[in-house]
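Report on one structure; see the data block that follows.
Values in this document were obtained by computation on a predicted structure and should not be read as measured data. Side-chain atoms are counted along with the backbone in the values below, which use heavy atoms only and exclude waters and symmetry mates.
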Amino acid sequence: MLTEEQAARERHKLRIAVCVSGGGTNLQAVIDGILQGAITNAEIVRVISNNPKAYALERAKCSGIPSLCISPKSYADRGEFNRAFLKAVEEAQPDLIVLAGFLVVLPQEMIAAYRNRIINIHPSLIPSFCGKGYYGLKVHEKALERGVKLTGATVHFVDEGTDTGPIILQKAVEVEEGDTPEILQKRVMEQAEWVILPQAIDWIANGRVTVENGKCRVLKAGKERREL
Ligand code: GRF
């Protein structure tokens with residue numbers, strides 16, 4: 001028997017749109033998190049890719065999640081692409097947009113329209129190894145070049161800057177002797193990204209994340225503020 005509050009949440013699950021460009025292992029972690037109950041009160045309503053060859057699209061299909069590709073190559077200019085992309089997002093009526101390895105710079109208009117409702121996963125401990133030019137393997141190459149002993153991953157809200165939005169959750173991962181960028185990338189994904197992205201989404205879906213003065217606070221379970 002559901003309590004009244006549980007029943008209300010069931011009626012209004014957090015609607016998530018996931019934006020992807022590549023392999024989609026983070027998307028898979030979110031799909032699995034929902035299936036296995038690590039993420040509650042949430043559903044993925046649409047997956048959007050800018051890359052027609054992204055394996056993430058296959059993952060969405062296998063899980064029965066509606067997906068579509070909006071490729072910049074199909075549009076005359078950036079403005080047209082941005083409008084089509086925004087339309088694809090709006091149609092899904094998301095409560096939360098998750099950038100899971102999405103390599104497109106978001107239109108400013110979208111960032112303003114979805115303030116504190118867009119999250120990104122970045123494969124380092126922000127503010128290290130982030131900002132313009134730090135994406136994919138480059139992040140891990142730079143971490144190894146600098147010789148850091150700890151790296152990790154960060155989930156943060158998206159604002160107008162590159163990797164500058166309020167930090168929700170971070171997890172550290174050790175760098176080991178003999179690491180290559182590829183080996184380190186795999187360890188960071190397994191030990192950090194696939195853990196903290198589902199965790200952050202569960203907190204948001206359950207009203208536990210607030211943003212005050214550019215900083216996130218995570219409320220204890222039972223002190224949720226999400227409006228149903
Ligand atoms: C991840 O390393 C993520 O942190 C970064 O892009 C990569 C995406 O991998 N933003 P996948 O497509 O989720 O497998």
Side-chain angles (χ1 to χ4, degrees), residues 14-30 42-57 59-60 65-124 126-127 129-139 153-170 193 196-198 200-201 203-205 209 211 214-216:
L14 190 87
R15 295 173 60 83
I16 305 172
V18 184
C19 299
V20 293
S21 299
T25 60
N26 281 286
L27 166 67
Q28 192 67 55
V30 178
E43 60 183 332
I44 303 176
V45 291
R46 178 171 273 195
V47 169
I48 304 170
S49 174
N50 63 311
N51 169 12
K53 297 201 180 106
Y55 188 67
L57 288 170
R59 293 180 190 272
I65 300 167
S67 62
L68 80 168
C69 175
I70 307 280
S71 167
K73 291 185 187 137
S74 313
Y75 299 89
D77 55 35
R78 202 69 190 176
E80 261 192 46
F81 165 76
N82 281 349
R83 277 188 288 283
F85 173 62
L86 200 50
K87 186 162 167 269
V89 170
E90 280 166 356
E91 276 169 6
Q93 297 185 289
D95 301 308
L96 181 71
I97 298 161
V98 176
L99 308 183
F102 191 53
L103 296 176
V104 173
V105 176
L106 295 188
Q108 295 290 314
E109 188 192 346
M110 178 171 162
I111 297 171
Y114 293 91
R115 177 83 49 206
N116 295 336
R117 290 197 291 146
I118 309 174
I119 64 171
N120 181 49
I121 175 90
H122 182 79
S124 75
I126 290 175
F129 311 111
C130 63
K132 283 207 171 69
Y134 285 88
Y135 60 89
L137 269 184
K138 288 182 203 294
V139 179
T154 302
V155 182
H156 64 93
F157 283 112
V158 172
D159 67 7
E160 280 72 8
T162 307
D163 304 325
T164 52
I167 292 169
I168 303 167
L169 178 58
Q170 297 184 293
E193 296 183 41
I196 64 175
L197 185 60
I201 293 172
W203 285 346
I204 293 168
V209 179
V211 183
K215 286 186 198 162
C216 284

Legend entry - Phe102-Phe85 aromatic ring centre distance below 6.0 Å: yes
Legend entry - Asn26 and Val18: CA distance, side-chain angles, deciding distance, side chain to side chain contact (heavy atoms under 4.5 Å, CB included) verdict: CA-CA 10 Å; Asn26 281 286; Val18 184; over 6 Å; no
Legend entry - Validation row: Arg59, Val20 side chains within 4.5 angstrom (heavy atoms): no
Legend entry - Asp95 side chain vs Arg15 backbone, donor-acceptor pair below 3.5 Å: yes
Inset, instruction - Please name all residues satisfying side-chain hydrogen bond (donor to acceptor under 3.5 Å, both in side chains) with Gln170, sequence neighbours left out, ordered by chain then number. - result: Thr154
Inset, instruction - Test Leu197 against every option in Thr25, Val155, Asn120 by the side-chain contact (heavy atoms from CB on, under 4.5 Å) rule and name the one that passes. - result: Val155
Legend entry - Heavy-atom pair with the smallest gap, counting every atom of Ala60 and Leu27: N-CD2, 4.4 Å
Legend entry - Heavy-atom closest pair, residues Asn116 and Phe157: O-CE2, 3.1 Å
Legend entry - Rounded distance (nearest 0.5 Å) linking atom CG of Leu57 with atom CD1 of Ile65: 11.0 Å
Inset, instruction - Please name the pair of heavy atoms, one in Ile126 and one in Cys130, separated by the smallest distance, quoted to 0.1 Å. - result: CG1-CB, 4.0 Å
Inset, instruction - Taking all heavy atoms of Gly131 and all of Asp163, pick out the closest pair and write down the distance. - result: N-OD2, 2.9 Å
Inset, instruction - Determine whether Ile111 and Arg115 make a side-chain contact, defined as any pair of heavy atoms from C-beta on separated by less than 4.5 Å. - result: yes
Inset, instruction - Measure the shortest side-chain to side-chain distance between Ile204 and Ile168 over non-hydrogen atoms and say whether it is less than 4.5 angstrom. - result: yes
Legend entry - Distance-only side-chain donor-acceptor flag, Asn51 / Ser21, under 3.5 Å: no
Legend entry - Other residues, nucleotides, ligands: >12 heavy atoms within 6.0 Å of Tyr75 OH: yes
Inset, instruction - Check whether any side-chain heavy atom of Trp203 sits under 4.5 Å from a side-chain heavy atom of Leu169, and report yes or no. - result: yes
Legend entry - side-chain hydrogen bond (donor to acceptor under 3.5 Å, both in side chains) involving Ser71 - partner list, sequence neighbours excluded: none
Inset, instruction - Taking all non-hydrogen atoms of both residues into account, name the closest pair between Arg78 and Val104 and its distance. - result: NH2-CG1, 3.3 Å
Inset, instruction - Measure across Glu193 and Pro123 and return the closest heavy-atom pair with its distance rounded to 0.1 Å. - result: OE2-CB, 3.4 Å
